[in-house]
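The structure under discussion appears below in the form of structure tokens.
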Amino acid sequence: MEVIVGEFGIVVVPRDGADPERIMNHSSILRKYKNNILVVKDDSNHPMSVVSSTKSRLALQHGDGHVVDYLCQPVIDYILKSQLYINASG
């Protein structure tokens with residue numbers, strides 16, 4: 001996590017009711033690299049506010065084409081190539 005946040009940074013799209021500031025303040029790594037974290041403050045009705053990575057991987061595993069509505073093709077290709085859906089259901 002430190003390498004990803006420290007060297008690359010992250011974009012956070014909070015789910016409804018989430019408090020990203022509180023979460024960041026409870027992690028020494030996230031606090032350390034707070035300037036590398038972009039929190040998207042958007043309308044809660046925006047489709048990205050309800051995206052679930054687990055549900056997206058499961059949808060791809062089951063051939064659900066609706067993920068193209070919110071994932072770009074290179075991301076879909078990477079998930080499929082890396083078989084990231086294998087452990088998605090636990």
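Sequential numbering from 1 along the given sequence is applied to the chain's residues. The figures here come from the full heavy-atom set of this structure, side chains too, leaving out hydrogens, waters and symmetry mates.
Put simply, CG on Leu71 and NE2 on His66 are 13.0 Å apart, with the number rounded to the nearest 0.5 Å. Rounded to the nearest 0.5 Å, atoms CZ (Arg57) and CG (Leu80) are 12.0 Å apart. Taken to the nearest 0.5 Å, the CD1 atom of Ile76 stands 9.0 Å off from the OG atom of Ser56. In this structure, CD on Glu21 lies 9.0 Å from CD1 on Ile37, to the nearest 0.5 angstrom.
Sorted by first then second residue, the salt bridge (charged side-chain N to carboxylate O under 4.0 Å, His left out) pairs that include residues 3-14, not counting sequence neighbours, number zero. Pairs engaging residues 59-85 under the salt bridge (charged side-chain N to carboxylate O under 4.0 Å, His left out) rule: none recorded [sequence neighbours left out]. Screening residues 22-32 for side-chain hydrogen bond (donor to acceptor under 3.5 Å, both in side chains) gives Glu2-Lys32 as the qualifying pairs, with residues at least two apart or on separate chains.
Applying the side chain to side chain contact (heavy atoms under 4.5 Å, CB included) test to Ile4 and every residue at least two apart in sequence or in another chain returns Ile10.
Met1 and Tyr33 fall within the same hydrophobic cluster, where Ile, Leu, Val, Met, Phe, Trp and Tyr residues are linked whenever their side-chain heavy atoms come under 4.5 Å apart, directly or through other members. In this structure, Ile23 is not a member of the same hydrophobic cluster as Val40, with clusters built from ILVMFWY side-chain heavy atoms closer than 4.5 Å. Ile29 and Val39 fall within a single hydrophobic cluster, where Ile, Leu, Val, Met, Phe, Trp and Tyr side chains are chained together by heavy-atom contacts under 4.5 Å.
Scanning both residues, Gly6 and Asn36, for their nearest heavy atoms gives O-ND2, 3.0 Å. Leu30 and Met24 get closest at one heavy-atom pair: CB-O, 3.8 Å.
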